[in-house]
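Data block below; observations after.
Side chains included, hydrogens not; waters and symmetry mates left out as well; all remaining heavy atoms used. We name chains A, B, ... by the order of the sequence lines, and we start the count at 1 in each one.
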2 protein chains.
Amino acid sequence: MIKISKLADYAVIILTSYVDEQGQLFSSSQLAQRTKLPEPTVSKVLKLLSQANLLHSIRGANGGYKLSAELKNITVLDVINAIDGTLAITACVEHANANSEQCSHAGSCALKGRWNIVNTHVANALEKVSLQDMVCPVNEPRTVNG
Amino acid sequence: MIKISKLADYAVIILTSYVDEQGQLFSSSQLAQRTKLPEPTVSKVLKLLSQANLLHSIRGANGGYKLSAELKNITVLDVINAIDGTLAITACVEHANANSEQCSHAGSCALKGRWNIVNTHVANALEKVSLQDMVCPVNEPRTVNG
DNA sequence: ATAAAGGGTACTTATTTAGTGCTGTATTAA
DNA sequence: TTAATACAGCACTAAATAAGTACCCTTTAT
């Protein structure tokens, strides 16, 4: 199956935990408590998120992390990119970006670069879902395809 | 990164190798030769594809596999489902299907079931791309978002 | 100065995926 | 009816990836 890493899942949980206090500052241990996730893992995720500028970090005593943007302006694609790096489907696509060397079946491979179509479709799909969408309460349902 | 398994990639290579001889019968060793992929692996992929009814298998001497449908009517989603099972994103979604037990953060998890939105979006995206789309020649370019 | 809190790196462990091999079953042809 | 061919299914091994952990460094408020 296609799957998103656990860390990306954690990232969404952590980011959406800000939902009622967007703009507020929380330390990694606070976030670990609030999300009930193990602290070292939370810490790792927070680092990745701040590197990707989804969170703004403040160092030193009384430091912590706060959202760089509102949840409605952060997409699932942003989170996945932050945690797992650029969205890439199959080795061919990865290599196509990294270097121009073709895969071992280059000659016979009619697919060269074709996965990029799929890649783009998936990225577009992920870009349509914001974190706010993922946290919206059950009494405010949301159409899946709209 | 989100990625599709190598086997799914192989499956696409194998299926698209029929492009100019759709409806024809090939044995697994023929397909291995044509695609230049290792035979045991091809064999494994073929079994999965015929279980999913994307290929029709004929047993016995002079047997082999032939396409159950035209390439334009087989989607990337079909292939991924055949090889990797149902598209599932994160453990929450998987468990949500298998049993009704909630994830360990159930109480605090505002995301319960929300990944399904993402799932559906991705599935829709993958359903829009047919194998014929993936094999079309470079001199017949194709818009990515159309 | 010291304590609190983030930053970075490297390592270990666990999980998943890929690859291989063996045995069974169906079909055809001699 | 027997031998050869080819798919079916299962189980095992090995390799790759991801997750989790630990350690030490840097920054900043008190």
Touch class at under 4.0 angstrom, heavy-atom based, for [X] against every strand present:
X     : answer
A:L46 : nothing
A:G60 : base
B:S50 : sugar-phosphate

- May I ask you to verify whether the side chain of A:R59 and the base of D:dT26 hold a donor-acceptor pair under 3.5 Å?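 Such a pair is found, so the answer is yes.
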Using atom [atom1] of [X] as one end and atom [atom2] of [N] as the other, report the distance to the nearest whole Å.
X     : N      : atom1 : atom2 : value
B:H56 : D:dA8  : NE2   : C1'   : 14 Å
A:I58 : C:dG7  : CD1   : P     : 10 Å
B:L37 : C:dA18 : CG    : P     : 13 Å
B:L25 : C:dT28 : CG    : P     : 11 Å
B:K66 : D:dC7  : NZ    : C1'   : 15 Å
A:Q51 : C:dG7  : CD    : P     : 8 Å
A:Y10 : D:dA19 : OH    : C1'   : 8 Å
B:K47 : D:dA11 : NZ    : P     : 13 Å

Looking at [atom1] of [X] and [atom2] of [Y], how far apart are the two atoms once the value is rounded to the nearest 0.5 Å?
X      : Y     : atom1 : atom2 : result
A:E21  : A:Q24 : CD    : CD    : 5.0 Å
B:L71  : B:Y18 : CG    : OH    : 10.0 Å
B:E127 : B:D78 : CD    : CG    : 7.0 Å

Out of [options], which has the shortest distance to the side chain of [X]?
X     : options                : value
B:S27 : C:dG6, D:dC7, D:dT5    : D:dC7
B:Y65 : D:dT21, C:dA29, D:dC7  : D:dC7
B:T41 : D:dT21, D:dA19, C:dT20 : C:dT20
B:K6  : D:dA19, C:dA18, D:dC7  : C:dA18

- When you match B:K44 and B:S28 each to their closest nucleotide on DNA chain D, which lands nearer the 5' end?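 Checking each residue's closest nucleotide, the 5'-ward one belongs to B:S28.
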- Could you pick out which residue, A:N62 or A:A8, lies toward the 5' side of DNA chain D when each is mapped onto its nearest nucleotide?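 Final value for this comparison: A:A8.
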- Message: Does either side chain, that of A:N53 or that of A:S68, offer a donor lying less than 3.5 Å from an acceptor on the other one?
- Response: no
- Does B:S57 have a side-chain nitrogen or oxygen under 4.0 Å from the phosphate oxygens OP1 or OP2 of D:dA6? no
- Message: Check for me, please, whether A:L25 and A:L15 land in the same ILVMFWY cluster - side-chain distances under 4.5 Å, paths through other members count.
- Response: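 They do not share one cluster, since no chain of ILVMFWY contacts under 4.5 Å joins A:L25 to A:L15.
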